[in-house]
Amino acid sequence: MDRLKIYSRGEVFPLINQRTGEVKLGEKVQFISSLANLDQSPAKFVLLGIPEDIGVRANLGTGGTQTAWLPALKALLNMQSNSFFSGEEVLLLGHIDVSVPTDNSLTVLRNKVTVIDGLVYPIIEKIIKARKIPIVIGGGHNNALGIIWGASLALNSKMNVVNIDAHADLRTAEGRHSGNAFTYALQNGFLAEYRIFGLQQNYVSADLLKYVNNNNANIKVLYYEALLKSERSIRKNWEAFVRDLPNPCGLELDLDSIANVLSSAGSPSGFNLSDIRSILLSNDKKFHYLHICEGAAELADGRQDPATAKTIAILVSDFIKALHPHTSQQPEA
Ligand SMILES: N=CN[C@@H](CCC(=O)O)C(=O)O
């Protein structure tokens, strides 16, 4: 059934491995019984899963992105609750339950992605209207469209988005899939500035290169190859890249930008996980959302990696810690 499945504390409790004398994040996260009660929760961050791989398969990619959400959630819920991150800042909303078409033709899959877009955007709109920050764990990068759309409606403004990604996801508007969310977001007037950090030259078609170089002042790219040649750190380059990104803004993180993370288009070359952690932990931009996508615990071709779950959980915790600082010991200057 295509719907938002809202979680209750009782349903989530079995995911937590309790230990005497310890408190896990899962024991502290907040729940609501209906979206209408969003306002009543004091939590600033709203966690939402979109466990689907329809968008990836509609882009002729290797499926499996539906396998990231539950293990990632489990890894997050089993982190320690402490003064760095207590868990009370997080409202665990639930996941978008998507029925999988039995017909795998591109037409059917692409139409289904449009249905998913229609489910995603009103949920994101409500979360942001409630002055909260959605943290969305995918799923394919197709869901960026629904997220940007909902954010744009909630804030009554076009969004400005920075995407950490090896790919531009600016493929043609040939029907919805994971490779063209930003094309549709631009075409539909939801997206003003689009910046790609770490785009890899080997995955940019000649036509896309022309489009990015000549036609669009609102699209900026910092290639991964340029970062490799730079004398500045990844973090310093990031800070310079996003400094003038206008508000309102959102943050996209495609896990195929990080070397060796299991994903449909994963690569042995890319950022270290610590590069991205450093970016997130030092972030002081008021992003209206975070979308982490394209990761998989198991791909349709049989490849598996249990580390994907912890990777996602760590990144979520870093993002929250930066925007919601608690007691944290700083090194001496
Ligand atoms: N979201 C990812 N999109 C990439 C996938 C590339 C691939 O499957 O190899 C893209 O369309 O370019």
Side-chain angles (χ1 to χ4, degrees), residues 50-69 98 104 106 109-110 112-114 116-117 120 136-149 161-187 191 194-212 219 221-225 250-271 276 289-296 298-303 305 308 311-312 315:
I50 315 183
E52 61 78 35
D53 71 348
I54 296 163
V56 170
R57 291 189 289 121
N59 189 22
L60 299 165
T62 307
T65 46
Q66 80 283 7
T67 63
W69 162 246
V98 180
N104 285 322
L106 286 186
L109 294 175
R110 290 175 181 182
K112 186 72 193 197
V113 176
T114 305
I116 301 171
D117 294 339
V120 172
V136 182
I137 312 296
H141 217 155
N142 42 294
N143 295 308
L145 175 62
I147 296 169
I148 296 167
W149 181 356
V161 169
V162 59
N163 179 20
I164 304 174
D165 201 334
H167 307 88
D169 291 345
L170 284 170
R171 291 182 185 277
T172 52
E174 58 195 353
R176 288 284 295 116
H177 58 63
S178 65
N180 60 20
F182 302 100
T183 313
Y184 280 90
L186 286 163
Q187 278 185 7
L191 182 56
Y194 177 44
R195 299 190 185 180
I196 312 160
F197 187 76
L199 179 62
Q200 297 200 14
Q201 291 170 356
N202 297 332
Y203 309 118
V204 182
S205 70
D207 280 353
L208 177 63
L209 192 56
K210 271 189 231 148
Y211 173 76
V212 168
I219 299 178
V221 170
L222 187 44
Y223 286 101
Y224 187 66
E225 288 74 10
L251 176 56
E252 297 280 336
L253 173 54
D254 188 317
L255 291 172
D256 69 26
S257 66
I258 305 177
N260 299 314
V261 170
L262 193 69
S263 64
S264 168
S267 168
S269 175
F271 295 113
I276 307 299
Y289 75 83
L290 170 66
H291 180 206
I292 301 180
C293 58
E294 297 277 331
E298 179 170 5
L299 286 171
D301 61 14
R303 281 178 289 159
D305 191 351
T308 311
T311 298
I312 295 172
L315 294 168

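The chain is numbered in sequence order, starting from 1. Whatever order the structure lists them in is the order used to number ligands and atoms, beginning at 1. Computed from heavy atoms alone, side chains included, the values below leave out hydrogens, waters and symmetry copies.
- Residues of the protein with a heavy atom under 4.0 Å from ligand 1 are N59, H141, H167, D169, R171, S178, G179, D254, A265, E294, listed by chain and number.
- A donor-acceptor pair is defined here as one N or O able to donate and one able to accept, closer than 3.5 Å; no such pair exists between the side chain of E294 and the backbone of S264.
- With sequence neighbours excluded, no residue forms a salt bridge (charged side-chain N to carboxylate O under 4.0 Å, His left out) with R171.
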Check residues 197-209 and write down every donor-acceptor pair under 3.5 Å in which the side-chain atom is one partner and the other belongs to a residue at least two apart or another chain.
residue : atom : partner : partner atom : Å
Q200    : NE2  : S269    : O            : 3.0
S205    : OG   : L208    : N            : 3.1

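- A donor and an acceptor atom, one from each side chain of D165 and H141, are located under 3.5 Å apart.
- Inspection of the D256 and H167 side chains reveals an N or O donor paired with an N or O acceptor under 3.5 Å.
- The salt bridge (charged side-chain N to carboxylate O under 4.0 Å, His left out) search around D53 returns R57, not counting sequence neighbours.
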